[in-house]
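Values reported hereafter were calculated over all heavy atoms of this structure, with side chains retained and with hydrogens, waters and symmetry mates removed.
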Amino acid sequence: MACNFSRSPASTKFLSYVSTPWTGALPVNIFDTPNFCNKTRDVRNRNCPKLGKNPGFVDRVCNTKYKHSVVKVAPARLPREKLADLVPRVLLENPDLDVRVLHLVRDPRGNINSRINLDWVKDYPSPKLPSTAADLCGSILINLYHADKTLTDLGLKHRYKLVLYKQIADDPLGTAKDIYDFAGFKMPLETEQWVLETTKPSAETLKKELEKPYSTVRNASGNADKWREDAFYFRNRIIERHCKTLLDSLGMERVSKPKLANHK
C-alpha cells in the first residue's frame with residue numbers, strides 16, 4: 001500500500017509470483033500493463049522486466065503512475081481469518097497513509113449456495129453442512145464485532161465501512177458511488193459505464209457470461225436473493241439454525257416454508 005516493494009523478502013517473492021502468466025479470475029494483471037511492461041502487438045517481442053529482481057523499479061512506477069492502491073483480501077487469506085489480526089496493524093503501522101477498510105458481507109445462505117454451485121461444499125443432506133455454516137457465520141460475527149468495538153476503541157471507526165452484498169445487487173451504481181465517496185475517490189465516467197454494462201447486460205451477453213463461473217458480468221437485479229430460487233428449503237433451515245445470531249444482527253429474514261405443490 002505504501003509503494004515500498006523493495007523493503008522485504010516477502011514483497012520480492014510476491015513480485016516474482018505476479019510476473020508469471022496470469023491465471024486468476026481478474027481480467028487484468030496490473031503488473032502486465034504498459035506502466036510496468038513495454039508491450040507490443042507481437043507478444044513474442046514484448047519487454048517485461050522480471051519484477052522480483054527489480055523491486056526498486058516497481059516502487060518508482062507505483063509512486064509516479066498511480067494515485068491509489070486497492071487491495072482485496074478474502075477472509076481465508078487473513079491471519080487466522082480475523083480482521084483483528086490485520087486491520088489495526090495496517091492502520092497503526094501506516095500513520096502517513098490514508099487507509100480505508102471496506103468490509104463486504106454476504107448473506108450466508110447465498111454464500112454457501114455459491115460454494116455448492118462451484119463444488120466447494122457438499123449440499124444437503126451432507127453431514128458437514130452444519131459445521132460449514134457454523135464456521136462461516138462464526139468467522140463473520142467475530143469480524144463484525146471487531147470492527148464495531150476494536151476500531152471504535154482505537155478511534156478508527158471512520159475509516160471502516162460495512163457493505164452488504166445485497167446492497168450492491170439491488171443498487172450497483174448507487175452503492176458504487178457511495179463506496180467511492182467513502183474512499184475519497186472520484187468515480188470516472190467510464191467506471192460508471194462499466195458498472196452499468198456488467199450489472200445490466202444484454203440477454204445475449206449474459207447467456208455467454210453465465211458459462212464462466214468467475215465472470216464479472218451478471219444481471220444484478222435479484223441476484224442477491226437468487227439462492228431462494230436455487231436452494232433447498234431444508235438446506236437453508238440448517239444454515240439459519242447455525243447462523244441465527246449473525247442473521248439477527250444483520251436483520252436478515254428467514255426463508256418461509258414452500259407450498260407442497262412447489263416442493264414435488
Side-chain angles (χ1 to χ4, degrees), residues 1-5 11 14 18 24-33 35-36 58-79 81-107 111 139-140 142-200 214-218 220 223-224 250:
M1 291 185 299
C3 289
N4 195 348
F5 291 86
S11 298
F14 168 75
V18 297
L26 294 178
V28 176
N29 175 4
I30 194 66
F31 296 101
D32 195 35
T33 56
N35 283 338
F36 290 98
V58 180
D59 291 349
R60 290 192 296 274
V61 173
C62 182
N63 277 302
T64 59
K65 299 293 184 179
Y66 300 95
K67 288 184 178 180
H68 313 292
S69 295
V70 180
V71 180
K72 171 189 170 184
V73 184
R77 301 287 186 265
L78 291 170
E81 298 190 9
K82 292 183 179 180
L83 283 173
D85 287 349
L86 178 68
V87 173
R89 178 178 173 184
V90 168
L91 295 175
L92 296 175
E93 291 185 6
N94 294 278
D96 296 331
L97 294 181
D98 183 6
V99 181
R100 308 292 174 94
V101 178
L102 186 71
H103 186 187
L104 176 62
V105 174
R106 186 177 185 182
D107 187 314
N111 190 318
S139 176
I140 295 174
I142 289 174
N143 286 332
L144 288 172
Y145 173 78
H146 159 71
D148 185 56
K149 184 177 187 306
T150 309
L151 294 181
T152 299
D153 291 345
L154 293 173
L156 299 172
K157 190 69 180 292
H158 64 288
R159 295 193 180 186
Y160 168 90
K161 183 177 182 63
L162 171 67
V163 175
L164 300 181
Y165 180 91
K166 183 174 174 56
Q167 292 175 263
I168 298 176
D170 289 349
D171 184 12
L173 186 57
T175 306
K177 288 181 177 179
D178 188 39
I179 290 172
Y180 266 71
D181 288 342
F182 163 74
F185 297 169
K186 181 179 179 181
M187 178 182 281
L189 289 176
E190 56 265 30
T191 300
E192 289 190 30
Q193 187 63 34
W194 180 86
V195 171
L196 292 173
E197 290 175 352
T198 55
T199 58
K200 294 183 178 180
Y214 295 106
S215 172
T216 58
V217 178
R218 286 291 185 268
N223 194 59
L250 295 176

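When all heavy atoms of Asp59 and Cys3 are compared, the pair lying nearest together is OD1-O, 3.3 Å. Between Arg159 and Phe182, the shortest heavy-atom distance links the atoms O-CZ, 3.4 Å. Closest approach of Met187 and Glu192 over heavy atoms only: SD-CG, 3.2 Å. Between Pro95 and Leu92, the shortest heavy-atom contact is CD-O, 3.6 Å.
Put simply, CD1 on Ile142 and NZ on Lys82 are 5.0 Å apart, with the number rounded to the nearest 0.5 Å. Here the NZ atom belonging to Lys157 is positioned 4.0 Å from the OG1 atom belonging to Thr152, to the nearest 0.5 angstrom. To the nearest 0.5 angstrom, Thr216 atom OG1 is 10.5 Å from Glu197 atom CD. The CG atom of Leu104 sits 9.0 Å away from atom NZ of Lys72, with the distance rounded to the nearest 0.5 Å. Of the inter-residue distances, the one linking Lys177 atom NZ with Thr191 atom OG1 reads 11.5 Å to the nearest 0.5 angstrom. One finds the OH atom of Tyr165 at 10.5 Å from the CG atom of Asp107 (value rounded to the nearest 0.5 Å).
Between the Gln167 side chain and the Leu164 main chain, a donor and an acceptor come within less than 3.5 Å of each other. Panel note: side chain Asn143, backbone Leu83; a donor-acceptor pair is recorded below 3.5 Å. With Asp178 contributing its side chain and Gly174 its backbone, the two residues share no donor-acceptor pair below 3.5 Å.
Looking at heavy atoms from C-beta onward, Asp148 lies out of side-chain contact with Tyr160 at the 4.5 angstrom threshold. Val163 has its side chain out of reach of Val105: every pair of non-hydrogen atoms, C-beta onward, lies at least 4.5 Å apart. Looking at Leu91 and Leu154, their side chains never come closer than 4.5 Å, going by heavy atoms from C-beta outward. For the pair Tyr180 and Pro188, the minimum side-chain heavy-atom distance is below 4.5 Å. Between His103 and Leu144, the closest side-chain pair of non-hydrogen atoms falls below 4.5 Å. Inter-residue side-chain proximity for Lys200 and Val195 is flagged as unmet; no heavy-atom pair is nearer than 4.5 Å.
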(message) Is there a side chain to side chain contact (heavy atoms under 4.5 Å, CB included) between Val70 and Phe185? Walk through the geometry before answering.
(response) CA-CA 11 Å; Val70 180; Phe185 297 169; 4.0 Å; yes
(request) Go through the steps to decide whether Arg106 and Ile140 satisfy the test side chain to side chain contact (heavy atoms under 4.5 Å, CB included), and finish with yes or no. (result) CA-CA 9 Å; Arg106 186 177 185 182; Ile140 295 174; over 6 Å; no
(request) Start with the C-alpha gap between Tyr145 and Thr150, add the side-chain angles, then the distance that decides, and say whether side chain to side chain contact (heavy atoms under 4.5 Å, CB included) holds. (result) CA-CA 8 Å; Tyr145 173 78; Thr150 309; 5.8 Å; no
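Each of Thr199, Thr175, Leu173 was checked for a side chain to side chain contact (heavy atoms under 4.5 Å, CB included) with Ile168, and the lone residue meeting it is Thr175.
Ring geometry, Phe5 versus Phe14: the interplanar angle falls under 30°, so the pair is classed parallel (tilted spans 30 to 60°).
Between Asp153 and Lys149 there is a salt bridge, with a side-chain nitrogen of the basic residue lying less than 4.0 Å from a carboxylate oxygen of the acidic one.
Side-chain contact of Tyr66 with Asn35: a donor-acceptor pair under 3.5 Å is present, judged by distance alone.
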